[in-house]
Each structure stands twice: as C-alpha cells, then as structure tokens.
Amino acid sequence: MKITVINGTEKKGVTYKLKEIFLEQFRDRAEITEFNLPKDGPGFCTGCTACFMNAQNLCKDAETVQKIEKALLEADLLVFTSPAYVFHTTGAMKAMLDHFGYRWMNHRPAKEMFGKRAIIITQCLGAGGASTAKDIKESLSWWGVSYIRTCSFRLMSEIHWDKLPEKKRDAMTKKLTSMARKMLLINYSKPAHTGVITKMKFYIVRMLQTSIGKDNPEYTDFKYWKSNGWIDGERPWRLE
Ligand SMILES: Cc1cc2nc3c(=O)[nH]c(=O)nc-3n(C[C@H](O)[C@H](O)[C@H](O)COP(=O)(O)O)c2cc1C
C-alpha cells in the first residue's frame, strides 16, 4: 500500500514523534512518501485565481502543487499532521491547502479523492487541537474524502516529548497504535464508502454547475463536470 504524509511542521518535535508512532505499524508494509512543510510545499497563494478560472498549471507554484497532488492521488491512505498554532493549523499547512482550493467540490474535485481514507493527527499544549484538525478536515471533506479519522491530543504539562510524564506518553502511544492497527485491517483495494454528506454536497454543486452551464457552457468548472459525466449520470464515487 501507499501512504502520503503531509506534515504541517518540519520540526522534529511532538507532532513528528506522534506521526512516527502511527507510521511505525506500516513501515514494513507500506511505501511512505512524506512532505515536510514549509520546506517541501508551495509558496503562498497570491490570489491570481488562474487555477479557478483557467487551469491549475498556470499557478506560479504549479510544479510543487502537482507533485504533492500526484502523491495524494496515488496514496491509499493520507496522513496529515499539525501542532496547534493559535488554535489553528500551521501557516505552512494552510498555505498548502489554499493551493487546493480549485479541488474543492464546488470547483473541480479529483474523482480519486472520493474513495480515499485519511487520518489527521494534531496536538497542542492546552487547547486548539480539535480546531486545528477541523481546519484540515474541512479541506479534505470538500475534496470529496468521506473517511476521515482524527486524533487530537493535549499535552497539558510540557511541550517536549522526553519531558512529558511517562503515563501521558504511553496513553498517546496506545491510542495511535490502536488506530494504526485498526487502519491496517482495511482492504485498501476497495475504495472507501462515500457518505451521505459528501453526496449531498455533490448534488447541490451539480445543480449549481448545471445552471451555470446553461448560461455559459465554456465555464471552466462546468466543462470539467460535463467532461466527467457528472452533469449526466456518472458519479465520482462509482470508480471503475
Ligand atoms: C506560534 C505558536 C502558537 C501556538 N498556539 C497554541 C495554541 O493555540 N494552543 C495550544 O494549546 N498550544 C499552542 N502552541 C503550543 C504548541 O501547539 C505545542 O507546543 C506543540 O506541542 C508544538 O508541537 P511541535 O513540538 O510538533 O512543534 C503554540 C505554539 C506556537 C509556536
């Protein structure tokens, strides 16, 4: 199986440690590709809107964005990690997610995303781990991913892994290991089930795209929906 990991920090801190604990279960059976942000990520979106209006390859960061996208689309399991920075995901992760705005369902979602599985691992000192996971989950669900699991931790007493109470480290290790073992049992040759919320979003956007297409059949997003057959009877969750 293939796993693609997007790390919202390059630091080898607690986020890194938690991610390593999760991946440990997959090391001998998965091909793992990691992107450490901001080093391996695109620059900031400048708001040129070329990706939305015309084509994603016109972006100044197209090469990096497409490299990340290729790895995401090829993976069976997506792993996103981030510490909480002022109650949200890191700026580096947000900068990367902004570049995938054109992949939101209301624009041009990749059909492969509908069958993907993802896990989001976040942690914080006291509060903000859950809202950090939500920042990432929001994008993934709008990309079409239904199967998203989150693991959020609060460290409470200390921010250095080695100085954390042993009981705390054990509890986090146990939770991540058990999550990883459960995810190891999945048959990845079968796409994940597309949930009702994802389908509802799809049908609302389909109505919008149909109406846009009546006025402007050359509209980039409409043409994409039309060419995928989604305006007609095809559905992205019915993967061949
Ligand atoms: C810029 C910045 C903002 C932070 N904001 C929060 C926060 O909102 N809530 C919180 O509990 N911890 C916050 N922290 C603490 C980190 O989330 C915490 O130390 C975390 O363990 C760091 O993970 P790392 O070791 O992977 O870098 C912040 C840290 C930084 C550097």
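First listed ligand is number 1; within each ligand, the first listed atom is number 1. On a predicted model such as this, the values are computed, not experimentally measured, just so you know.
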Which atom pair, heavy atoms only, marks the closest approach of Ile159 to Leu155?
CA-CD1, 4.1 Å
Going by an N to O cut-off under 4.0 Å, is there a salt bridge joining Arg108 and Asp221?
yes
Exactly which residues line ligand 1, taking a heavy atom under 4.0 Å from it as the test?
Lys11, Gly13, Val14, Thr15, Pro83, Ala84, Tyr85, Val86, Phe87, Gln123, Cys124, Leu125, Gly126, Ala127, Leu155, Ile159
Stepwise side-chain hydrogen bond (donor to acceptor under 3.5 Å, both in side chains) check, Ser152 with Thr122:
CA-CA 5 Å; Ser152 293; Thr122 64; 2.7 Å; yes
On a heavy-atom basis, which atom in Arg103 and which in Tyr224 lie closest, and how many Å separate them?
NH1-OH, 3.2 Å
Step-by-step ring pair (Phe, Tyr, Trp, His ring centres under 6.0 Å) determination, Trp225 to Phe202
CA-CA 11 Å; Trp225 276 68; Phe202 175 90; 4.9 Å; yes
Under 3.5 Å, is there a donor-acceptor pair between the Ser146 and Thr194 side chains?
no
